[in-house]
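To start, the structure under review is shown below, and the notes come after it.
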There are 2 protein chains.
Amino acid sequence: MNNTTLKTISTVLNLSISTVSRALKNHPDISEKTKKRVTELADTLDYEPNANAIQLRTSKSNLFGLVVPSISNFFYHSFISSVEEESRRNNFSLLILQSGDDPGIELSNLKLLRQNRISGLFACISTNNSNIDAYLKLKELDIPVIFFDKVPDMVNCNKVCVGDEASASIAASAILKKNRKDILALFGNKNLLITKKRLAAFIETINGKASVKIIHADNSDDAELLTTKNITGKTDTIFCMSDEILTGAMKAIQKQGLKIPADISVIAISNGFIPKLFYPEITYVETSGYKLGKLAFTGMMSCIAGSTFVQDLTTQPVLIEGGSL
Amino acid sequence: MNNTTLKTISTVLNLSISTVSRALKNHPDISEKTKKRVTELADTLDYEPNANAIQLRTSKSNLFGLVVPSISNFFYHSFISSVEEESRRNNFSLLILQSGDDPGIELSNLKLLRQNRISGLFACISTNNSNIDAYLKLKELDIPVIFFDKVPDMVNCNKVCVGDEASASIAASAILKKNRKDILALFGNKNLLITKKRLAAFIETINGKASVKIIHADNSDDAELLTTKNITGKTDTIFCMSDEILTGAMKAIQKQGLKIPADISVIAISNGFIPKLFYPEITYVETSGYKLGKLAFTGMMSCIAGSTFVQDLTTQPVLIEGGSL
DNA sequence: AAATTTACTGCAATCGTTTGCGGAATGCTT
DNA sequence: AAGCATTCCGCAAACGATTGCAGTAAATTT
């Protein structure tokens with residue numbers, strides 16, 4: 001079965017295409033009687049306007065792009081969920097693409113999005129030297145770009161991030177408040193900006209008031225191994241800078257049969273899903289992908305509305321008390 | 001800055017639009033010299049064809065739709081990730097929409113997808129009486145629909161599912177093999193087809209060879225509560241039909257300080273993420289969203305290719321041994 | 001030198017929708 | 001009865017790309 005178009009309706013009712021178009025948009029020029037005839041036929045024929053034609057005509061796409069290393073990630077899927085929700089609510093569609101941390105795929109994704117004439121882009125750059133130039137080109141085309149989470153290290157772009165310094169600092173304060181003295185602090189890959197920021201803030205807040213052993217783990221398994229290796233009888237607290245690290249550390253702790261918090265305390269930076277799987281629930285500083293998504297969307301809308309103001313926004317993390325500290 | 005079009009290039013080079021179009025497509029009618037001039041200018045002007053115009057002209061969209069209750073779910077995000085990956089690889093884009101289990105939103109999502117003239121749809125229907133008619137309408141328009149996971153209870157449609165009966169049966173067999181005698185079996189909402197299927201297969205396989213207490217929980221918290229309430233000194237095994245249920249049960253087990261597997265055994269049906277967070281890792285029957293995604297995509301491609309064969313495919317689950325049974 | 005082939009390139013219609021402009025019919029005023 | 005506003009509607013161009021057909025110039029044949 002073919003799709004019905006304005007033309008279909010117009011020929012059936014012996015009207016011109018323009019009249020049908022206007023009737024459907026409730027244009028004052030059209031009589032009520034005609035409007036009724038048109039809308040009724042449109043209804044029975046299940047008329048749906050062709051988005052491609054409209055976008056071509058108006059050169060407005062009502063389409064956002066989102067590129068991310070992987071949908072299936074501790075953090076991103078809640079971010080994506082949030083952005084999708086807002087987009088839909090505001091009559092935008094969202095084209096989601098994964099780069100798999102491959103700069104080549106990343107590039108062809110951007111190309112695809114340009115071909116689809118997106119109105120804006122949410123981007124999380126891949127860790128392996130992604131090509132920032134391609135993003136800058138979008139800006140030249142007046143397509144606003146909001147970077148999130150993994151953002152480029154340049155000033156002149158819109159970014160939304162969880163409060164990296166703040167979250168690490170809050171965690172450190174919470175530890176000090178409990179008078180802990182011997183901390184095993186697990187961080188991620190030391191080349192990532194996020195790691196650097198969290199590490200610096202953590203150290204600064206601890207400020208020598210407790211002994212801290214810094215460990216860098218590249219993934220969950222690594223974190224498990226390094227936790228097992230570096231935990232000593234004196235260690236009273238484990239800090240994990242991310243969910244991925246936390247899962248590894250928890251594995252090690254359970255393996256050794258350590259009781260939380262009697263034998264050892266745990267605190268993490270997390271969006272909250274993993275911490276709540278355990279009992280006692282792990283105390284964590286919340287960095288919500290959901291909230292970040294809302295923030296990103298707000299930023300996008302103000303860009304769309306014509307703001308040229310370059311934003312560097314940050315969500316305010318909060319401490320969620322479990323029973324692990 | 002405006003987007004460059006064929007027209008831009010044609011006026012600069014003093015050629016007709018058609019020549020430019022053909023030159024870019026390496027048409028034999030065009031001389032090498034002209035081709036070179038055109039491609040070079042297109043390159044420096046960063047020409048990208050307007051997908052809307054092409055789709056309007058060809059009435060082929062290269063766009064798939066995917067509707068799902070929520071992206072941010074134990075299972076779906078890996079399914080989505082998988083489908084996105086395959087789509088991209090096959091030069092399709094994917095429009096992902098969440099229904100939030102709201103039939104109204106679900107309907108408007110379908111409408112949106114129709115307006116975008118999608119070439120095919122992956123759909124997971126919402127639990128609250130979703131409107132199947134809207135899906136049937138797509139079929140009338142020759143838009144293939146592949147239902148996944150939560151599929152409608154009718155024969156004449158394409159479905160891909162994890163092997164519900166098989167997975168429950170495998171779990172039951174594994175329990176019997178270990179000579180367990182007193183099982184607390186936790187299932188989800190009893191109105192869901194998936195629950196019914198898993199429950200029936202589980203019971204059938206156990207076949208009276210062990211005592212089974214069936215409990216239905218609607219969510220994770222519910223599962224925790226009901227586990228605590230129904231576990232007895234005699235209970236030697238807990239079966240969880242899903243990740244959501246598993247997280248609740250694990251919470252209860254940890255709370256009571258029960259040792260796995262010394263005090264109690266645990267087995268679940270899961271995609272594997274949650275089971276691997278614990279030590280010992282939970283033994284589970286794998287129902288991979290990733291694999292299901294690949295299966296769904298294969299089905300879609302054969303529909304696109306013109307197959308009218310109605311498929312009802314099922315992934316083959318496998319038992320992954322942790323140390324919990 | 002005329003006729004025919006070959007190599008390039010342009011015209012114009014098409015996809016479905018929107019919209020400025022102008023036109024016809026009607027009713028109302030003087 | 002002539003002039004005017006009002007109401008309703010259609011023409012045609014435009015968005016950007018594709019493609020069948022036709023046209024022109026040069027190269028080749030006769």
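Naming convention: chains lettered A, B, ... in sequence-line order (proteins, then strands); numbering from 1 in each chain. Note that these values count all heavy atoms, side chains included, but never hydrogens, waters or copies made by symmetry. Here the structure is a predicted model, which is why all the values come from computation and not from measurement.
Ring centroid separation for the pair A/F64 and A/F122 comes in under the 6.0 Å cut-off. Checked against the 6.0 Å centroid criterion, the rings of B/F79 and B/Y290 do not qualify as a close aromatic pair.
A/K35 places its NZ atom 9 Å from the P atom of D/dC8, with the value rounded to the nearest Å. Spacing between atom CD1 of B/I30 and atom C1' of C/dT6 amounts to 14 Å, rounded to whole angstrom units. Rounded to whole angstrom, the span from the CG atom of B/L24 across to the P atom of C/dT9 amounts to 13 Å. One can place NZ of A/K33 at 13 Å from C1' of D/dC9, the figure rounded to the nearest angstrom. Atom CG of A/N14 is separated from atom C1' of D/dC8 by 15 Å (rounded to the nearest Å).
Put simply, A/S31 has a side-chain N or O that comes within less than 4.0 Å of OP1 or OP2 on D/dC9.
You'll find the side chain of A/V160 stays beyond 4.5 Å of the side chain of A/T314, heavy atoms only. Annotation: side chain of B/R117 is in contact with side chain of A/E48 (closest heavy-atom distance under 4.5 Å).
Considering every non-hydrogen atom in both A/S72 and B/H77, the closest pair reads OG-ND1, 2.7 Å.
Here A/E32 does not pair with A/K36 in a salt bridge; the nearest charged N to carboxylate O distance is not below 4.0 Å.
In this model, no side-chain donor or acceptor of B/D29 finds a partner on the base of C/dC8 within 3.5 Å.
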Let me have a per-nucleotide readout for nucleotides 14-20 of chain C, 5' to 3', with B, S or -, counting only protein heavy atoms under 4.0 Å.
BBBBBBB
